[in-house]
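The structure under discussion appears below in the form of structure tokens.
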Amino acid sequence: MKICIYPGSFDPITYGHIDIIERASKIADKLIVAVLNNFDKSSLFTVEERLEMIRESIKKYDNIEVESFEGLLVDYAKSKGARIIIRGLRAVTDFEYELQMAQTNRELYSDIDTMFLLTNLKYSYLSSSVVKQVASYEGDISKFVTPYVAEKLKGKFNRYNV
Ligand code: PNS
């Protein structure tokens with residue numbers, strides 16, 4: 001069985017992520033969307049909130065699992081029997097960071113490969129950071145995230161009055 005892992009921060013999940021997840025789920029027998037639990041206080045959403053938003057976004061797919069992980073991605077991949085990491089590439093500016101990560105992961109675990117999927121052009125400008133910024137100024141984020149995630153973002157910025 002071809003098990004692939006799509007790791008990330010997903011703070012929060014955007015339509016760009018969903019597009020990659022949908023396409024990766026057609027390549028993998030089983031796709032694991034893995035949220036890094038780095039106890040990073042700068043994340044807007046808790047890991048549980050991020051997992052819930054992802055699960056809500058992909059519930060129609062039956063070969064996708066959503067989990068969190070801690071520590072090294074390659075150790076998590078090994079524990080899951082996965083040998084393919086999926087990452088999205090939006091633009092050439094992503095490449096250097098992605099190359100560094102992919103090469104490091106292969107040095108750490110020679111059986112792992114990283115497969116890059118080109119982000120759909122219509123989402124090539126999109127990032128979770130940009131979405132959070134627009135949401136914080138009460139801008140229209142309906143083209144960036146699902147209505148469910150948009151509500152969660154509104155709740156965050158209302159509650160903390162950012
Ligand atoms: O969505 P992001 O923030 O670009 O995802 C980055 C992520 C989670 C894939 C990356 O930070 C990661 O794999 N972290 C786990 C620690 C690790 O394995 N580091 C070694 C590879 S550089």
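Whatever order the structure lists ligands and atoms in, that order sets their numbers, starting from 1.
- Of all protein heavy atoms, the one lying nearest to atom 21 (C) of ligand 1 is Asn105 OD1, 3.3 Å.
- Proximity of Tyr6 to ligand 1, defined as any heavy-atom pair under 4.0 Å, is not found for any part of the residue.
- Heavy-atom distances between Ser128 and ligand 1 stay at or above 4.0 Å for every pair.
- Looking at Tyr76, Phe69, Tyr97 and measuring to atom 6 (C) of ligand 1, the nearest heavy atom belongs to Tyr97.
- In terms of polar-atom proximity, defined here as any N/O pair under 3.5 Å, Ser9 does make such a contact with ligand 1.
- Looking at ligand 1, you'll find an N or O of Leu73 within less than 3.5 Å of one of its N or O atoms.
- Distances below 4.0 Å separate heavy atoms of Met101 from the following atoms of ligand 1: 10 (C), 22 (S).
- Salt bridge Asp111/Arg106: absent, no basic N to carboxylate O contact under 4.0 Å.
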(message) If you apply the rule side chain to side chain contact (heavy atoms under 4.5 Å, CB included), what do you find for Ile5 with Ile84, and how did you get there?
(response) CA-CA 6 Å; Ile5 293 186; Ile84 300 175; over 6 Å; no

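- At a cut-off of 3.5 Å, with distance as the only test, a side-chain donor of Tyr76 or Glu67 sits close to an acceptor on the other residue.
- At a heavy-atom cutoff of 4.0 Å, ligand 1 is contacted by the side chain of Leu36 but not by its backbone.
- Remark: Lys156 engages Glu49 in a salt bridge, criterion side-chain N to carboxylate O under 4.0 Å.
- Only the side chain of Arg87 comes within 4.0 Å of ligand 1, counting heavy atoms alone; its backbone N, CA, C and O stay farther away.
- A cation-pi arrangement, defined by a distance under 6.0 Å to the six-membered ring centre and an angle within 45 degrees of its axis, is absent between Lys152 and Phe45.
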(message) Run the side chain to side chain donor-acceptor pair (under 3.5 Å) test on Asp140 and Ser142 for me, step by step, so that the C-alpha distance in whole Å, both residues' side-chain angles and the decisive distance to 0.1 Å come before the verdict.
(response) CA-CA 6 Å; Asp140 179 8; Ser142 61; 2.7 Å; yes

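- Remark: minimum distance from atom 16 (C) of ligand 1 to any protein heavy atom is reached at Gly71 O, 3.6 Å.
- In the candidate list Asp75, Leu72, Asp11, Leu72 is nearest to atom 17 (C) of ligand 1, counting heavy atoms.
- Here Arg55 does not pair with Glu52 in a salt bridge; the nearest charged N to carboxylate O distance is not below 4.0 Å.
- One N or O on the side chain of Arg50 and one on the backbone of Ser9 form a donor-acceptor pair closer than 3.5 Å.
- At a heavy-atom cutoff of 4.0 Å, ligand 1 is contacted by no atom of Leu108, backbone or side chain.
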